[in-house]
Amino acid sequence: MFNKRTKIKELLASEKRNYEVTIMGWVRTFRNNQFIAINDGSTNNNLQIVTALGMLDDATLKRITTGACIKAVGDIIPSLGKGQKVELKATSIEILGDSDAEKFPLQPKKHSLEFLREIAHLRFKTNTFGAIFRVRHSLAFAVHKFFNDKGFVYLHTPIITASDAEGAGEMFKVTTLPLDGTAPKNDDGSINFKDDFFGRSTNLTVSGQLEGELAAMAFSDIYTFGPTFRAENSNTTRHLAEFWMIEPEVAFNDLEDNMNLAEEFIKYIIRYAMENNKEDLDFLAQRLEEEEKLKPQNDRSEMGLMEKLDFVVNNDFERLTYTEAIEILKESNHNKKKKFQYLIEGWGVDLQSEHERYLVEKHFKKPVILTDYPAAIKAFYMRQNDDGKTVAAMDILAPGIGEIVGGSQREERLDKLLKRMEEMHIPAEELHWYLDTRKFGSCPMQVLALALSDWCNL
RNA sequence: GGAUGAAUAGCUCAAUGGUAGAGCUGCGGCUUGUUAAGCCGAUGGUUGUAGGUUCGAGCCCUUCUUCAUCCGCCA
């Protein structure tokens with residue numbers, strides 16, 4: 001019987017009228033003992049079910065409460081009211097699952113995100129989380145579609161890994177050894193992992209990019225898209241212990257190709273969500289706008305959600321070097337009037353979010369790609385430039401956030417790579433498998449890394 | 001990890017050191033083409049925790065906990 005169900009999304013999108021459907025979903029509100037707003041998660045919009053007065057007995061009527069799961073059968077007709085095009089004139093209503101109104105925490109009104117976090121197990125039932133996760137789904141699907149259409153191979157890199165030399169952050173330990181102090185120890189008192197599940201110390205991955213490179217050296221074009229874990233005690237909206245990261249690796253590309261791919265990719269997935277989740281995005285934009293209004297004037301964001309998305313999709317990204325950016329920042333009135341919390345003194349310092357946002361929002365008024373960063377502030381595997389002090393790295397800067405994508409051309413020359421690793425005190429023996437790729441058919445290549453969760457913050 | 005701020009009814013918030021209130025939800029009733037329905041009514045509290053100052057503490061001081069914002073780390 002369940003397979004006869006019609007999804008509310010299909011029903012609302014259709015021009016068809018005067019036909020019988022079966023609807024199943026959860027009650028959002030019950031107005032006037034007569035009008036049920038029901039949602040089944042297929043869309044942010046509710047369907048209005050109309051019950052004739054006297055059609056339901058008092059006992060059933062009382063069970064139609066916010067949160068209750070119901071089945072409704074009836075005819076789709078043009079709505080007699082003003083708020084919706086169609087409504088379901090019910091011929092029967094069945095309660096599938098009761099929801100005690102005195103105990104159900106969700107009320108037919110707006111809740112704060114703080115409160116929703118406390119009832120995290122129920123928050124998918126809200127408009128806000130419904131919209132967020134439908135958008136997130138679209139972005140994830142668009143990622144796969146984008147790369148598949150370009151002939152990339154989707155690679156699953158290990159989640160549990162013994163590789164720990166990437167320096168990307170603190171790691172979560174994975175072990176089956178007892179934690180009560182009885183784990184086997186070496187002579188020096190350290191834990192002996194020979195008896196552990198994998199026979200050695202293992203962690204959750206902080207990045208699959210080095211493994212991704214191995215595959216790119218065979219398939220040419222690959223991407224990873226999977227969970228990543230960082231055990232850092234970070235306390236910002238941009239840092240999670242668990243997030244999904246997208247890392248394309250492309251052989252035979254240089255930094256220029258890298259930038260082109262990244263710009264095309266970003267615009268593609270945003271455009272995809274804008275086309276497929278307009279109602280969800282409109283709802284989120286409206287909710288964000290309401291919250292902005294509560295903030296003091298100075299703290300308000302200059303752009304709304306849709307403006308930010310248009311800003312990224314409709315502008316050619318400005319490309320310049322780190323060195324040029326430092327000059328612009330140093331000479332800016334913002335810097336001279338000491339409005340930056342961290343003033344730009346000279347070449348070599350890492351940029352703060354405030355500097356990145358100044359370049360994007362104030363100076364260029366378009367997304368910005370910075371290239372050729374000082375080697376000292378970037379990772380060992382990035383390709384060293386001929387000037388001897390910069391590397392072929394690039395960061396894409398977005399409005400309101402700052403860095404949203406980081407990428408680089410890889411150092412394909414074994415001697416230079418080894419020298420760099422030595423300077424940064426990275427033991428070559430732990431990365432023998434990585435170094436092998438530079439020995440057997442090395443080639444120019446590039447990589448990007450970006451986190452899906454960041455996009456959900458936009 | 002650092003700085004700042006916050007914690008009062010189920011939710012969102014008020015309350016000069018002097019009797020803890022409102023709106024909404026939920027509950028009872030009325031109404032019935034409503035749009036977070038409307039009208040009436042009764043409920044609802046050890047003011048995050050543990051101490052201290054005071055005749056008297058939601059308010060002042062100290063401890064702890066949790067959360068938020070910014071910074072750091074990073075994606």
Side-chain angles (χ1 to χ4, degrees), chain A residues 27-39 45-55 58 61-62 65-67 77-85 87 89 99-119 122 126-127 166-171 205-209 224-225 227-247 290-291 294-296 298-299 340-342 350-354 356 377-379 395-398 401-407 447-457:
Chain A
V27 175
R28 286 292 173 80
T29 68
F30 186 27
R31 290 183 291 266
N32 221 347
N33 272 7
Q34 202 181 164
F35 302 99
I36 304 167
I38 188 172
N39 187 283
N45 295 321
N46 300 329
L47 173 70
Q48 170 157 290
I49 299 172
V50 187
T51 63
L53 285 169
M55 178 188 133
D58 280 359
L61 220 50
K62 283 225 189 305
T65 57
T66 300
I77 59 167
S79 178
L80 302 178
K82 281 192 175 148
Q84 57 283 317
K85 279 186 183 168
E87 62 194 19
K89 191 170 165 49
S99 172
D100 186 340
E102 264 183 274
K103 291 176 185 158
F104 188 60
L106 290 172
Q107 302 166 8
K109 67 176 210 176
K110 187 175 159 187
H111 288 292
S112 67
L113 293 176
E114 290 79 10
F115 175 65
L116 291 178
R117 175 179 283 177
E118 288 173 28
I119 51 162
L122 296 173
T126 63
N127 285 333
E166 290 167 23
E170 294 296 312
M171 291 180 288
T205 181
V206 290
S207 167
Q209 61 181 330
T224 73
F225 182 18
T228 307
F229 306 87
R230 305 265 167 103
E232 282 163 59
N233 190 358
S234 288
N235 222 336
T236 74
T237 49
R238 291 184 54 224
H239 295 91
L240 302 168
E242 170 185 340
F243 61 98
W244 281 56
M245 186 154 63
I246 301 148
E247 295 179 300
E290 282 168 18
E291 281 186 10
L294 301 177
K295 292 185 188 169
N298 290 343
D299 293 347
F340 286 129
Q341 191 178 348
Y342 292 89
D350 209 353
L351 298 180
Q352 305 289 335
S353 289
E354 58 173 344
E356 296 175 343
I377 58 174
K378 289 290 180 183
D395 281 356
I396 299 185
L397 313 180
I401 295 181
E403 182 193 338
I404 189 100
V405 175
V447 67
L448 297 170
L450 62 150
L452 180 65
S453 303
D454 279 359
W455 293 94
C456 297
N457 282 335

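For clarity, every value in this text was computed on a predicted model and none was experimentally measured. To find a chain, count down the sequence lines: A is the first, B the second, and so on, and within it residues start at 1.
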Practice problem: Not counting sequence neighbours, which residues clear side chain to side chain contact (heavy atoms under 4.5 Å, CB included) with A/Asp395? List them please. | Solution: A/Tyr373, A/Lys378, A/Leu397, A/Glu403

Quiz item: Taking all non-hydrogen atoms of both residues, which atom of A/Pro227 and which atom of A/Thr205 are closest, and how far apart?
Solution: O-CG2, 3.7 Å

Quiz prompt | Upstream residue (5' side of RNA chain B) when A/Phe115 and A/Ala241 are each assigned their closest nucleotide | solution = A/Phe115

Atom pairs under 3.5 Å, N or O on each side, protein against nucleotides 29-32 of chain B: can you list them with distances?
| unit_1 | atom_1 | unit_2 | atom_2 | d |
| --- | --- | --- | --- | --- |
| B/U32 | O2 | A/Asn32 | O | 2.9 |
| B/U32 | O2 | A/Asn32 | OD1 | 2.0 |
| B/U32 | O2 | A/Asn32 | ND2 | 3.4 |

Practice problem: Write out the stems for RNA chain B, ordered by first number and formatted as range with range, counting runs of at least 3 consecutive Watson-Crick or G-U wobble pairs under 3.5 Å. | Solution: B:1-7 with B:65-71, B:10-13 with B:21-24, B:27-30 with B:38-41, B:50-52 with B:60-62

Quiz prompt | Note, A/Val27 side chain near A/Ser99 side chain (heavy atom, < 4.5 Å) | solution = no

Quiz item: When you compare B/C74 with B/C64, how far apart are their C1' atoms, in angstrom units rounded to a whole number?
Solution: 31 Å

Self-check item: Side-chain donor/acceptor contact of A/Gln84 with base of B/U34 under 3.5 Å
Solution: yes

Quiz item: A/Ala101 has a side chain; which of B/U12, B/U34, B/C27 sits nearest to it?
Solution: B/C27

Practice problem: Write down the distance separating the C1' atoms in B/C27 and B/G10, rounded off to the nearest Å. | Solution: 13 Å

Quiz prompt | Shortest non-hydrogen separation from A/Ser207 to A/Arg230 and the atoms involved | solution = CB-NH2, 4.3 Å

Quiz prompt | Sugar-phosphate, base or nothing in reach of A/Lys103, heavy atoms under 4.0 Å | solution = nothing

Self-check item: Non-neighbouring partners of A/Gln48 that pass side chain to side chain donor-acceptor pair (under 3.5 Å), sequence neighbours left out
Solution: A/Arg31, A/Glu87

Self-check item: Phosphate-side-chain proximity, A/Ser79 and B/G33, N/O vs OP1/OP2 below 4.0 Å
Solution: no

Quiz item: In whole Å, what is the span from the CG atom of A/Leu80 to the P atom of B/G33?
Solution: 11 Å

Practice problem: Would you mind reading off the distance between A/Ile119 atom CD1 and B/U25 atom P, rounded to a whole angstrom? | Solution: 17 Å

Self-check item: Partners meeting ring-ring contact (aromatic ring centres under 6.0 Å, His included) with A/Phe115 (sequence neighbours left out)
Solution: A/His111

Quiz prompt | Qualifying residues under salt bridge (Lys or Arg N to Asp or Glu O under 4.0 Å), relative to A/Glu118, sequence neighbours excluded | solution = none

Quiz prompt | A/Asp395 CG to B/C74 C1', straight-line distance once rounded to whole Å | solution = 11 Å

Quiz prompt | Candidates A/Met245, A/Met171, A/Glu232 - the one meeting side chain to side chain contact (heavy atoms under 4.5 Å, CB included) with A/Val206 | solution = A/Met171

Exercise. Would you mind reading off the distance between A/Asp58 atom CG and B/G28 atom C1', rounded to a whole angstrom?
Key: 14 Å

Quiz item: Whole-Å distance between B/C74 P and A/Glu232 CD?
Solution: 7 Å

Quiz item: Which atom pair, heavy atoms only, marks the closest approach of A/Asn46 to A/Ala37?
Solution: ND2-CB, 4.0 Å

Quiz item: Looking for any heavy atom pair under 4.0 Å, which part of the strands does A/Pro108 touch: base, sugar-phosphate only, or nothing?
Solution: base

Where do N or O atoms of nucleotides 64-71 of chain B meet protein N or O atoms at under 3.5 Å, pair by pair?
| unit_1 | atom_1 | unit_2 | atom_2 | d |
| --- | --- | --- | --- | --- |
| B/A68 | OP1 | A/Arg117 | NH1 | 2.3 |
| B/A68 | OP1 | A/Arg117 | NH2 | 3.3 |
| B/C70 | N4 | A/Asn235 | O | 3.4 |
| B/C71 | O2' | A/Tyr342 | OH | 3.2 |
| B/C71 | N4 | A/Asn235 | O | 3.1 |

Quiz item: In Å, rounded to the nearest 0.5 Å, how long is the span from OG1 of A/Thr228 to CD of A/Glu247?
Solution: 6.5 Å

Exercise. Provide, to the nearest angstrom, the distance between the NZ atom belonging to A/Lys109 and the P atom belonging to B/C13.
Key: 10 Å

Practice problem: Using the aromatic ring of A/Phe243 (for Trp, its six-membered ring), decide whether it stacks on the base of B/A75 within the limits of 5.5 Å and 30°. | Solution: yes

Self-check item: Pairwise C1' distance, B/G5 and B/A75 [rounded to whole Å]
Solution: 28 Å

Exercise. Can you tell me, in whole Å, how much space there is between the P of B/U8 and that of B/A3?
Key: 24 Å

Exercise. Check every strand shown and say whether A/Thr228 touches a base, only sugar-phosphate, or nothing at a heavy-atom separation below 4.0 Å.
Key: nothing

Practice problem: Using the test side chain to side chain contact (heavy atoms under 4.5 Å, CB included), find all partners of A/Ala231 that sit at least two apart in sequence or belong to another chain. | Solution: A/Glu170, A/Phe172

Quiz prompt | Whole-angstrom distance between B/U31 and B/A37, as gauged at atom C1' | solution = 11 Å

Practice problem: Taking side chain to side chain donor-acceptor pair (under 3.5 Å) as the test, write out the residues that go with A/Lys110, two or more places apart. | Solution: A/Glu290

Quiz item: Could one point to a donor on the side chain of A/Arg230 or the base of B/A75 with an acceptor on the other under 3.5 Å away?
Solution: yes

Practice problem: Select from A/Asp350 and A/Gln48 the residue whose nearest nucleotide in RNA chain B is closer to the 5' end of that strand. | Solution: A/Gln48

Self-check item: Closest to side chain of A/His239, choosing from B/U25, B/A75, B/G33
Solution: B/A75

Quiz item: Taking N and O atoms by type only, does the side chain of A/Glu118 place a donor or acceptor under 3.5 Å from a partner on the base of B/G10?
Solution: no

Quiz item: Could you state the CG-P distance from A/Asp100 to B/G26, rounded to the nearest angstrom?
Solution: 12 Å

Could you list all N or O pairs between the protein and nucleotides 42-49 of chain B that sit under 3.5 Å apart?
none

Self-check item: Partner set under side chain to side chain contact (heavy atoms under 4.5 Å, CB included) for A/Glu102, not counting sequence neighbours
Solution: A/Asp100

Self-check item: Pairwise P distance, B/G28 and B/C67 [rounded to whole Å]
Solution: 36 Å

Quiz prompt | Distance between P atoms of B/G58 and B/A50 (Å, rounded) | solution = 14 Å

Self-check item: Under the side chain to side chain contact (heavy atoms under 4.5 Å, CB included) test, residues paired with A/Asp58 that sit two or more places apart
Solution: A/Leu61

Practice problem: Tell whether A/Gln107 reaches the base of B/G26 with its side chain through a donor-acceptor pair below 3.5 angstrom. | Solution: no

Quiz prompt | Residue from A/Leu106, A/Asn127, A/Thr66 passing side chain to side chain contact (heavy atoms under 4.5 Å, CB included) with A/Arg28 | solution = A/Asn127

Practice problem: May I ask you to decide if A/Tyr342's main-chain N or O and A/Glu354's side chain share a donor-acceptor pair within less than 3.5 Å? | Solution: yes

Self-check item: Inter-residue atom distance A/Leu47.CG - A/Ile38.CD1, 0.5 Å rounding
Solution: 7.0 Å

Practice problem: Using the C1' atom as the reference point in each nucleotide, state the distance between B/U43 and B/U25 in Å, no decimals. | Solution: 13 Å

Quiz item: Expressed in angstrom and rounded to an integer, what is the separation of A/Met55 atom CE from B/G33 atom C1'?
Solution: 16 Å

